[in-house]
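In this text, all values refer to a predicted model and were calculated from it rather than measured experimentally. This chain uses plain numbering: 1 for the first residue, then up along the sequence.
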Amino acid sequence: RVHILLPMVWLLQSFLGGAFSSWSWFGNLLICWGPLLWSSILLHELSHCWTARAVGAEAHEILLWPLGGLAYVGRIPSAKADMKVAFAGPLSHLPLILSF
């Protein structure tokens with residue numbers, strides 16, 4: 001799910017970036033910033049969900065909102081499995097870090 005405020009904040013930030021610097025920056029923020037940022041956040045949350053399913057828990061939904069993402073995951077069977085689910089999100093950023 002995408003929260004209603006996410007596209008509003010994205011457009012507002014892009015517009016303000018263009019108004020206070022240059023209008024070419026508006027297009028840069030609108031076209032590059034949004035899709036790159038939110039696809040990396042979606043990948044992060046999907047990693048939590050995939051790992052939760054791998055350890056036997058349920059993954060109900062993902063919410064993307066202006067402050068990031070939330071993965072709604074059911075009860076996780078053990079503390080060790082919970083740690084795997086918790087670390088799966090940040091570990092999904094390693095390929096991004098290595099590519100830059």
Side-chain angles (χ1 to χ4, degrees):
R1 252 178 351 149
V2 175
H3 194 277
I4 187 69
L5 289 177
L6 177 61
M8 291 178 185
V9 170
W10 177 24
L11 287 171
L12 180 67
Q13 286 178 326
S14 298
F15 179 75
L16 290 176
F20 291 110
S21 62
S22 70
W23 285 105
S24 64
W25 186 246
F26 172 77
N28 188 20
L29 285 174
L30 189 63
I31 294 168
C32 295
W33 176 82
L36 288 176
L37 176 67
W38 292 106
S39 61
S40 71
I41 291 172
L42 181 60
L43 177 65
H44 175 101
E45 298 304 327
L46 282 170
S47 296
H48 287 303
C49 291
W50 291 331
T51 307
R53 287 185 177 171
V55 297
E58 292 182 8
H60 303 290
E61 69 178 312
I62 294 172
L63 172 67
L64 296 177
W65 64 308
L67 295 178
L70 293 169
Y72 293 94
V73 176
R75 185 167 174 84
I76 298 175
S78 69
K80 185 177 180 180
D82 195 15
M83 292 299 287
K84 287 180 182 179
V85 172
F87 282 113
L91 287 176
S92 70
H93 296 287
L94 284 178
L96 293 173
I97 291 169
L98 296 175
S99 69
F100 290 113

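Inter-residue side-chain proximity for Ser78 and Met83 is flagged as unmet; no heavy-atom pair is nearer than 4.5 Å.
Here the closest non-hydrogen pair linking Val55 and Lys84 is CG1-CD, 4.2 Å. The shortest heavy-atom contact between Ile41 and Gly68 is CG2-C, 4.0 Å. Contact detail for Ser92 and His44: the closest heavy-atom pair is OG-CA, 3.4 Å.
Counting only distance, with no hydrogens or angles, the side chain of Glu45 and the backbone of Ala71 share a donor-acceptor pair below 3.5 Å.
Atom CD of Glu61 sits in a crowded spot, with more than 12 heavy atoms from other residues, nucleotides or ligands closer than 6.0 Å. Atom CH2 of Trp65 has 12 or fewer neighbouring heavy atoms from other residues, nucleotides or ligands inside a 6.0 Å radius.
Tracing side-chain contacts under 4.5 Å through hydrophobic residues (I, L, V, M, F, W, Y), one never reaches Ile76 starting from Phe87; they form parts of separate clusters. In this structure, Leu42 is not a member of the same hydrophobic cluster as Leu91, with clusters built from ILVMFWY side-chain heavy atoms closer than 4.5 Å.
Interatomic distance, CG of Leu43 versus CH2 of Trp50, reported as 6.0 Å (0.5 Å rounding).
Screening Leu70, Leu46, Val73 against Ile62 for a side chain to side chain contact (heavy atoms under 4.5 Å, CB included) leaves a single residue, Leu46.
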